[in-house]
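Report on the structure given below.
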There are 2 protein chains.
Amino acid sequence: MGFKEEFDNALKDKKVVVFSADCEIRYSGRAESFLPRGDRIIIIKSDKTLLIHQPHGNNPINYMKSNTRHSLAEENGVLRLKSENPFLKEYLDAVLYKVHFFQAAKLEDSQKLQLAGSEKDMSDMIYNNPELIEEGFKPLTREEHTKYGFIDVFGYDKNNNLVVVECKRYTGDLQAVTQLRRYVEKIKKAKGLQKVRGILACPKISPNALKMLTDWNFSYKRINPPKKLDIDKAQLRMDEFN
Amino acid sequence: MGFKEEFDNALKDKKVVVFSADCEIRYSGRAESFLPRGDRIIIIKSDKTLLIHQPHGNNPINYMKSNTRHSLAEENGVLRLKSENPFLKEYLDAVLYKVHFFQAAKLEDSQKLQLAGSEKDMSDMIYNNPELIEEGFKPLTREEHTKYGFIDVFGYDKNNNLVVVECKRYTGDLQAVTQLRRYVEKIKKAKGLQKVRGILACPKISPNALKMLTDWNFSYKRINPPKKLDIDKAQLRMDEFN
DNA sequence: GGGGAGAGATGCCGC
DNA sequence: GCGGCATTTCTCCCC
């Protein structure tokens, strides 16, 4: 069976397609790109996501989102993979000079990743252990998605000042400080208050960010994100589900 | 030849390895995660990057950065893929219950993507066509990476006011406005000026961002990013290189 | 190597 | 659908 037949059948059967080819690639859509000839790994998933990977690096060099239409055709003696997503106005065209290998398989996987150590886990930890911020801190809400912004933790200090806590799971940077500043200003204006405290909670902070933070009379509290996943508990939830 | 032998030889020969397996995955490093059993595509690149993809979606569900050490071993009748990057303190462990297919190939690709339509292309366009911002705008610098910040385009208007232009290739959001505000404040302070204008140049803007922009007496200029790639020119550069 | 910011960012959640 | 924001973000560039 020829490559095109295998390809067409695999897509028809909603299989995941994986192949490698010496190819050159053009893309037009949100931007426009060209990638000269080279060996790549090409994946078409069952949801019609397309990924093209070079032999190195983390990210795909080209890709198309799910629900893209893919077709293979021979033109002037070379194979051409055309992928189009008319809704998103995105188009990709790959000239395949040589196919190194081809695989297709029906894959079943409805599992979701269970992850610990996100910023939300960090704000949960602070909410449940307010003394991590400072003695006498009384949190009111967490993950508050209001018109004031999405405030991680919000509460009162021991002197009944309003406190906005912004969490970052890694280095606190300028953007984190401007974000905190935006929330504090919104709260001040909304509540008509002179004083609202801002605290940036993160494991470390860049020098410029620390300067801007202190310039604005905010403070930095060194806190590490929790990253223990209770796998037994996760497994238990799984078992209940099955 | 068994799977483990093929795997070991491929890695030794610096081949790219692609296989599919029913597996369950644990990760510990910057965070901690668990992914229950399911069918996935697993790629190990020649630079020892590991990617694990579910049959759907754009992003890998698990991954390890380049220069990770990978090893395959049989334990209690099942195969185990262990990947460790001691420098980054990242560890991944996959139990492989069934391998659906396996491929390995020596892939050659040193090409780089040529791309048009980035924010830099947008600031270049504005620098070369200042009337796109407004009549009488005189740009001084672009992509200025100074202590004032990374200002996209910086210049004078027809009344000799300093102007900071921040470009966004898509929707202008709150973050873009706070960024512009930060630059304008820095310039004001550094130059001791009362008035420095700020202009956000983007194809569209969110309502909240527009409100914050006008609250701060900044302005919005609707500009689309250029996304024409001169492939002939790109190809020419290529030919010169070869 | 750290800091700062873009990305064809993607993905998630809330309105 | 858009808006706002985190991401095991990644990548690039500059210091």
Side-chain angles (χ1 to χ4, degrees), chain A residues 27-33 49 57-66 85 88-92 112-113 115-123 143-152 166-176 179 182-183 204-210 225 227 229, chain B residues 27-33 49-50 52 57-66 85 88-92 112-113 115-123 143-147 149-152 166-176 178-179 182-183 204-210 225 227 229:
Chain A
Y27 159 79
S28 178
R30 282 174 287 179
E32 202 159 283
S33 74
T49 298
N58 218 300
N59 284 346
I61 191 74
N62 279 113
Y63 55 92
M64 296 285 278
K65 295 197 168 174
S66 56
N85 195 321
L88 300 175
K89 290 181 186 167
E90 295 199 290
Y91 307 91
L92 185 143
K112 285 188 176 166
L113 189 73
L115 185 125
S118 67
E119 192 179 293
K120 183 169 185 318
D121 293 325
M122 204 173 157
S123 69
E143 289 281 311
E144 178 129 78
H145 289 233
T146 70
K147 57 185 172 183
Y148 308 140
F150 301 1
I151 297 172
D152 288 333
E166 171 62 29
C167 303
K168 291 294 161 193
R169 65 185 308 282
Y170 205 54
T171 310
D173 57 12
L174 290 175
Q175 202 174 286
Q179 199 177 339
R182 186 147 49 83
Y183 297 155
K204 56 182 190 145
I205 187 167
S206 76
N208 286 352
L210 185 58
K227 50 182 186 186
L229 182 66
Chain B
Y27 159 78
S28 178
R30 284 174 287 179
E32 201 160 284
S33 75
T49 297
L50 168 75
I52 301 179
N58 219 299
N59 284 347
I61 191 74
N62 279 114
Y63 57 92
M64 296 284 278
K65 294 199 168 170
S66 56
N85 194 322
L88 300 174
K89 290 180 186 168
E90 297 199 290
Y91 307 91
L92 184 143
K112 285 188 176 165
L113 190 72
L115 186 124
S118 68
E119 193 179 295
K120 183 170 185 319
D121 294 324
M122 204 173 158
S123 68
E143 289 281 314
E144 179 132 75
H145 289 234
T146 70
K147 56 186 170 181
F150 302 179
I151 296 173
D152 289 333
E166 173 63 29
C167 303
K168 290 295 162 195
R169 65 185 307 283
Y170 205 56
T171 310
D173 57 11
L174 291 175
Q175 198 174 289
T178 55
Q179 200 176 337
R182 184 147 49 83
Y183 296 156
K204 55 183 191 144
I205 188 167
S206 75
N208 287 353
L210 185 58
K227 51 182 186 185
L229 182 65

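Below, each value reflects all heavy atoms present in this structure, side chains not excepted, and no hydrogens, waters or symmetry copies.
- No donor-acceptor pair under 3.5 Å is formed between the side chain of A:K65 and the backbone N or O of B:N58.
- Between A:R182 atom CZ and D:dG3 atom C1' the separation is 12 Å, expressed in whole Å.
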Dot-bracket assigned to DNA chain C with the 3.5 Å Watson-Crick/G-U criterion, [ ] for crossing and | for other-strand pairs, is |||||||.|||||||

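- Side-chain atoms of B:P60 and B:I52, non-hydrogen and from C-beta on, never get closer than 4.5 Å to each other.
- The distance from atom CE of A:M122 to atom CG of A:D152, rounded to the nearest 0.5 Å, is 8.5 Å.
- For A:T171 and C:dG2, the shortest distance from a side-chain N or O to OP1 or OP2 is not below 4.0 Å.
- Between B:L210 atom CG and D:dG3 atom P the separation is 11 Å, expressed in whole Å.
- If you take NZ of B:K204 and P of D:dG1, they are 11 Å apart, rounded to a whole angstrom.
- Each of C:dG4, D:dG4, D:dG3 was ranked by its minimum atom distance to the side chain of B:L174; first place goes to D:dG4.
- Spacing of C1' atoms, C:dG11 relative to C:dA7, comes out at 14 Å, to the nearest Å.
- When the side-chain nitrogen and oxygen atoms of B:S206 are compared with OP1 and OP2 of D:dC2, none of them lie within a distance under 4.0 Å.
- When the P atom is used for both C:dG8 and D:dG4, the distance is 23 Å, rounded to whole Å.
- The two residues A:E166 and A:Y183 make their nearest non-hydrogen contact at OE1-CE1, 3.4 Å.
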Can you give one letter per nucleotide of nucleotides 6-15 of chain D, 5' to 3': B if a protein heavy atom sits under 4.0 Å from the base, S if only from the sugar-phosphate, - if neither? SSBSSS----

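- Listed by chain and residue number, A:L115, A:K120, A:D121 satisfy the side chain to side chain contact (heavy atoms under 4.5 Å, CB included) test with A:S118 (two or more places apart in sequence, or in another chain).
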